[in-house]
Amino acid sequence: MKYPFLDLRAVNEPFFAELKEAACRVVESGRYIGGAEVESFEEALAGASGVPFAVGVSNGLDALRMIFRAYIALGRLKQGDAVIVPANTYIASVLAITDAGLEPVFVDADADTLNMDTRLLDEAYTPKVKAVLTVHLYGRPCYDERLREFVERHGLILVEDNAQAIGATAGDGRPAGSLGDAAALSFYPTKNIGALGDAGAVLTADDELARTVRAIANYGSDRRYHNIYEGFNCRMDPLQAAFLNVKLKRLGKECERRRQLAAAYDALISHPCVRKPRVDRPDNSVWHQYAVLVPERDAFRAYLAENGVGTDVNYPVPPHKQPCYARFSGLVLPVAEEISDMVVCLPVSACTSVDDAKAISEIVNKWEYEY
């Protein structure tokens, strides 16, 4: 591919020297669980996210799982409670809800933003609903006045699935991850700030929640050999923390570079059958993906591949249509299903330059699609 969708070796190559130094530091430290690397990353992450507390965990799904498990342990949620969640999301958002014995309530998507349509929240509400899991899909915060007012009016817990939007800001200028009661982050290697393996984190301003998450993620123990919860082993690896300490310093530059690529696509793609994401503010999204909607997706992707452009599809099957959630297959969620049929992600990683984005836009515009 002349314009690869993603090449993780190329993404990490500028960091090789620092990553090797970080790995050696961990090896030589003799501390392979927890320790200074994790603590320093948690402190830096909390500062970058505008919250007092960050707890490193094993991955993004576990970050969500630990949040819901902690709320149950604290008595703020109970099994059988309902959690509103967008229908257009990665399945991890829903897995964390059902893992805790909670019931997902799906809300359809907005075709312009690809996020949850907050205009539909009142229709989704029942007295069983005790929380909302808002997902900042593709790097764009899903948070507005309607969502804020809805949560406050009903006294709900607001959890952010911030796996794709580290560095983004909401309309009021606050960082994604600081908008609700708790937030989950993923540092899967393909993320804007990616580990060299799996890692995640929980963000919160609630010290009791932070302590509970940390305990549950460490076998349920608040101190050695003293287990106050039936916990799990979901701790962050210090090697990954050391790698992430290297990369977090470049968060601002990474956000700006992706915004430049998205701005080029937005300005230059003019094909009438390629629906671009709506841009509200230049600094709103951090563009984990630049996702467009097209008819005849397979033909479009084949055409781009023939012209050297790599693409991906996130996500071709919405959670309520997955075999493991067959009990939800009868739900009518037309916008989420349309998005899953039409979405294509264009290159927007560190492998892509602005000149590449200009060339890709020109290739997109030359696609011969018969109406």
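Computed over heavy atoms, backbone and side chain alike; hydrogens, waters and symmetry mates excluded.
- Centroid-to-centroid, the aromatic rings of F232 and Y219 stay 6.0 Å apart or farther.
- A 4.5 Å side-chain heavy-atom check between V294 and R275 finds every atom pair outside the cut-off.
- For the pair C255 and W287, the minimum side-chain heavy-atom distance is 4.5 Å or more.
- Ring geometry for H154 against Y125 counts as parallel: the plane angle stays under 30°, on a 0 to 90° scale with 60° as the upper cut.
- Not one N or O on the side chain of R148 forms a donor-acceptor pair closer than 3.5 Å with the backbone of Y143.
- The shortest non-hydrogen separation linking P4 to C351 is CG-CB, 4.3 Å.
- In this structure, S49 contributes its side chain and A46 its backbone to no donor-acceptor pair below 3.5 Å.
- Defined by atom type and a distance below 3.5 Å, a donor-acceptor pair is present between the side-chain atoms of K247 and N12.
- Using a distance-only test at 3.5 Å, with no hydrogens or angles considered, no donor-acceptor pair links the side chain of S178 to the main chain of R174.
- With a 4.5 Å cut-off on side-chain heavy atoms, N88 and V135 do not count as touching.
- Other residues, nucleotides and ligands contribute at most 12 non-hydrogen atoms within 6.0 Å of the OH atom of Y188.
- Judged by distance alone, with hydrogens and angles left aside, the side-chain atoms of K321 form a donor-acceptor pair with the main-chain N or O of S329 at under 3.5 Å.
- Salt bridge annotation for R214-E42: present, with a cationic side-chain nitrogen under 4.0 angstrom from a carboxylate oxygen.
- A donor atom on one side chain and an acceptor atom on the other are found under 3.5 Å apart for T311 and R301.
- The shortest heavy-atom contact between C142 and T134 is O-OG1, 2.6 Å.
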Checklist entry - Yes or no on side chain to side chain contact (heavy atoms under 4.5 Å, CB included) for V57 and R235, after CA distance, side-chain angles and deciding distance? => result CA-CA 4 Å; V57 296; R235 300 169 299 203; over 6 Å; no

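- Between K358 and E362 no salt bridge is recorded (no basic side-chain N to carboxylate O distance below 4.0 Å).
- For the pair L137 and L114, the tightest heavy-atom approach, listed with the atom from each and the gap, is CD2-O, 3.7 Å.
- For E21, the CD atom is loosely surrounded, since the number of other residues' heavy atoms within 6.0 Å does not exceed 12.
- Side-chain contact between I97 and L133: present, with at least one pair of heavy atoms (C-beta onward) separated by less than 4.5 Å.
- Counting heavy-atom neighbours within 6.0 Å of Y90 OH, excluding the residue itself, gives a total of 12 or less.
- Across all their heavy atoms, L244 and A195 have their closest contact at CD2-N, 3.8 Å.
- Using a 4.5 Å cut-off on side-chain heavy atoms (C-beta onward), H226 and S221 make no contact.
- Side-chain atoms of Y265 and K276, non-hydrogen and from C-beta on, never get closer than 4.5 Å to each other.
- Between T118 and D144, the side chains place a donor N or O and an acceptor N or O closer than 3.5 Å (distance only, hydrogens not considered).
- R224 CZ: 12 or fewer foreign heavy atoms inside a 6.0 Å radius.
- Going from atom CG of D266 over to atom CZ of R259 covers 14.0 Å, rounded to the nearest 0.5 Å.
- Residues Q164 and H136 bring no donor and acceptor atom of their side chains to less than 3.5 Å of each other.
- Looking only at side-chain heavy atoms (C-beta outward), V51 and T204 stay at 4.5 Å or farther from each other.
- Between the side chains of H271 and N365, no donor-acceptor pair of N or O atoms lies under 3.5 Å.
- Taken together through direct or relayed side-chain contacts under 4.5 Å among Ile, Leu, Val, Met, Phe, Trp and Tyr, Y290 and I193 form parts of separate hydrophobic clusters.
- I91 and P319 make their closest contact through CA-CG, 4.1 Å (heavy atoms, listed as atom of the first residue, atom of the second, distance).
- Minimum interatomic distance between M1 and G308 (heavy atoms only, all atoms of both residues): SD-C, 3.5 Å.
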Next on the checklist: Show, in sequence, the C-alpha distance, side-chain angles and deciding distance for K191 and S186, and conclude whether the side chain to side chain contact (heavy atoms under 4.5 Å, CB included) test is met.
Outcome noted: CA-CA 7 Å; K191 296 294 190 287; S186 169; 3.8 Å; yes

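- No side-chain N or O of D356 forms a donor-acceptor pair with one of T352 less than 3.5 Å apart.
- In this structure, R153 pairs ionically with E149, as a charged nitrogen and a carboxylate oxygen lie closer than 4.0 Å.
- Within a 6.0 Å sphere centred on CD of E152, heavy atoms belonging to other residues, nucleotides or ligands number more than 12.
- Side-chain atoms of R119 do not come within 3.5 Å of backbone N or O of D110 as any donor-acceptor pair.
- A side chain to side chain donor-acceptor pair (under 3.5 Å) with R140 holds for exactly one of N115, T113, D280; it is D280.
- Applying the side-chain hydrogen bond (donor to acceptor under 3.5 Å, both in side chains) test to residues at least two apart or on different chains, the pairs with a partner in residues 92-103 are R65-D99, R69-D99, T89-S93, S93-D161, T98-Y325.
- In the hydrophobic cluster analysis, where Ile, Leu, Val, Met, Phe, Trp and Tyr join through side-chain heavy atoms closer than 4.5 angstrom, V313 is grouped apart from L6.
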Item to check | Verdict with supporting geometry, Q240 and F187, side chain to side chain contact (heavy atoms under 4.5 Å, CB included) | outcome: CA-CA 9 Å; Q240 300 305 330; F187 302 106; over 6 Å; no

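- Counting only heavy atoms from C-beta outward, the side chains of L19 and L196 approach each other to under 4.5 Å.
- A salt bridge between R211 and E208 is absent, with no side-chain N of the basic residue lying under 4.0 Å from a carboxylate O of the acidic one.
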Next on the checklist: Using the rule given for side chain to side chain contact (heavy atoms under 4.5 Å, CB included), can you reason through F5 versus C345, listing the C-alpha separation, both sets of side-chain angles and the distance that settles it, and then say yes or no?
Outcome noted: CA-CA 9 Å; F5 181 74; C345 298; 3.8 Å; yes

